[in-house]
Number of protein chains: 2
Amino acid sequence: MTVEQTPRKRPTGRRGGDSGTRDDILDAARDLFAERGYDGASIRAIAMTAGVDPALIRHFFGDKDNLFATTVADRTAIPQRIAESLAGDLDTIGRRVTDAYLRMWEEDDTRPVLLSLVRSAVTSDRAAEMLLEILGSRARSTEMNADFTDERMRRIALAAAHLFGIAVARHVIKIPPIAELSHDTLVDDVSPAIQRYLTGT
Amino acid sequence: MTVEQTPRKRPTGRRGGDSGTRDDILDAARDLFAERGYDGASIRAIAMTAGVDPALIRHFFGDKDNLFATTVADRTAIPQRIAESLAGDLDTIGRRVTDAYLRMWEEDDTRPVLLSLVRSAVTSDRAAEMLLEILGSRARSTEMNADFTDERMRRIALAAAHLFGIAVARHVIKIPPIAELSHDTLVDDVSPAIQRYLTGT
DNA sequence: CGGGGAAATCCTCGCTCGTGGAGTAAAATA
DNA sequence: TATTTTACTCCACGAGCGAGGATTTCCCCG
């Protein structure tokens, strides 16, 4: 018979058409970083879910650090969504911010990125810096129309920490009572506290 | 010459006296799990900081999972400290709980354990379960003198999520404005919100 | 004083990881 | 059409990991 055993490996060399391979990799990276964090998501695993050789990731992105940065930066504009919610009546700013922030955790586009950041920031200093940078740019974007007293800074930080805690409890640790609430009732419950931090006595 | 080269390795076999080696290992494990989380802290690194051969850890604790469990369980009684703070006047319960909770994050005995739990719970499901179990036992310990309506459950969960967010912002991510506040002013700022969640309208 | 068990070491196995080099095929450019 | 650039693969290295077997030394109890 001597049938030539097909080596069943994928052919080497460039593919035809516009293979959205780079995007496939970014999608896989986004999902795996979200699931397992920076350290937990291996380049090899990302390559496998993208259906691609690990070396191709190196070809496109250089090293893992850069892949992570690209994944996070390329896919979302988180700060500006918060900034938008700041505009408007001061009496209802708590509700607007709470809704805008928690909504980002509900949407399929943004949730993986936020999960990636949180899962990674908690274990790796590298990612913690990136998260602080994002938060910093948010602060800076509001800096224009508000003077930044220490008092005001502290109020914002407390509100942010509160929202952060709610989001982690709901989407990362999945503490039962909070994970099961609807988005709207959660906003109803939380926004008074946020309003109080931002504008209360 | 033929001087017998001293192999300068540590001698094998049992040590004299009551070498508190087991405790040394637990201390090293506590610190490293706190710094790097479950996955990041390797048995080898723990052994090295304890000044001990990695195999000894296996000898004492079997596997890594068990070492982690022992580290967390053996070293703290977290739930009961919260439970104690619940006793007393209902009008000031927010402040008492806030103070008791945040104080645990400040003390050298308890902080590493909490850090370990958080750092690990965020990336590993195994640790997330343990954390839920601890939170659960806290809930159960209050169950005795309070009926558990959904409403009450939700209030507690929201307050817990808030405190959790503050603690993570302060001790894990170290967001500047919050990390730099003193314990007392932080309690001053946060406890009204906690009081409101627990007993407010 | 002798033997069993506990405390401690060493070395090895099989695995996964990130990175990097070398080669191939297709597309883009000249 | 010839050449260069780009997309893509295979293979290998060196390191670190958790687990476990083999061995040595000491303490304690009979």
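A, B, ... follow the sequence lines: proteins, then strands. Residue 1 opens every chain. Computed over heavy atoms, backbone and side chain alike; hydrogens, waters and symmetry mates excluded. This one's a predicted model, so the numbers in the text were calculated from it and none came from an experiment.
- Residue A:Arg44 places its side chain closer to C:dT19 than to any other of D:dG18, C:dT19, D:dT9.
- Salt bridge status for A:Glu180 with A:Lys174: absent, with no side-chain N to carboxylate O gap under 4.0 Å.
- Taking a cutoff of 4.0 Å between a charged side-chain nitrogen and a carboxylate oxygen, A:Arg155 and A:Glu151 qualify as a salt bridge.
- At whole-Å resolution of the value, CG in A:Asp23 and P in D:dC8 are 11 Å apart.
- To the nearest angstrom, C1' of C:dA8 lies 10 Å from CD1 of B:Ile25.
- When rounded to the nearest whole Å, the span between CG of A:Asp53 and P of C:dA25 equals 16 Å.
- One cannot find a donor-acceptor pair under 3.5 Å joining the base of C:dG18 and the side-chain atoms of A:Arg58.
- Taking only side-chain atoms of A:Asp63, from C-beta outward, the nucleotide of C:dT19, D:dT9, C:dT12 with the closest atom is C:dT19.
- The CG-C1' distance, from B:Leu32 to D:dG18, rounds to 16 Å in whole Å.
- Note: CZ (A:Arg36) to P (C:dT16) measures 12 Å, nearest angstrom.
- Atom CZ in A:Phe61 sits roughly 11 Å away from atom P in D:dC8 (whole-Å rounding).
- At D:dC8, one or more side-chain N or O atoms of A:Thr21 fall inside 4.0 Å of OP1 or OP2 (strictly under the cut-off).
- For B:Ser42 and D:dC17, the shortest distance from a side-chain N or O to OP1 or OP2 is below 4.0 Å.
- Going from atom CD1 of A:Ile57 over to atom P of D:dT6 covers 20 Å, rounded to whole Å.
- A salt bridge does not link B:Arg96 to B:Asp99: none of the charged side-chain nitrogens sits closer than 4.0 Å to a carboxylate oxygen.
- Rounding to whole angstrom units, CG of residue B:Asn66 and P of D:dG20 are separated by 13 Å.
- At the phosphate of C:dA8, neither OP1 nor OP2 sits under 4.0 Å from any side-chain N or O atom of B:His59.
- A side-chain donor-acceptor contact under 3.5 Å links B:Thr110 to the backbone of B:Met104.
- Where A:Pro54 and B:Lys64 meet DNA chain D, the nucleotide closest to each residue was compared, and A:Pro54 sits on the side nearer the 5' end.
- Checked against the 6.0 Å centroid threshold, B:His162 and A:Phe164 do not count as a close aromatic pair.
- Residue A:Leu56 is classed as a base contact, given a heavy-atom separation below 4.0 Å to a base.
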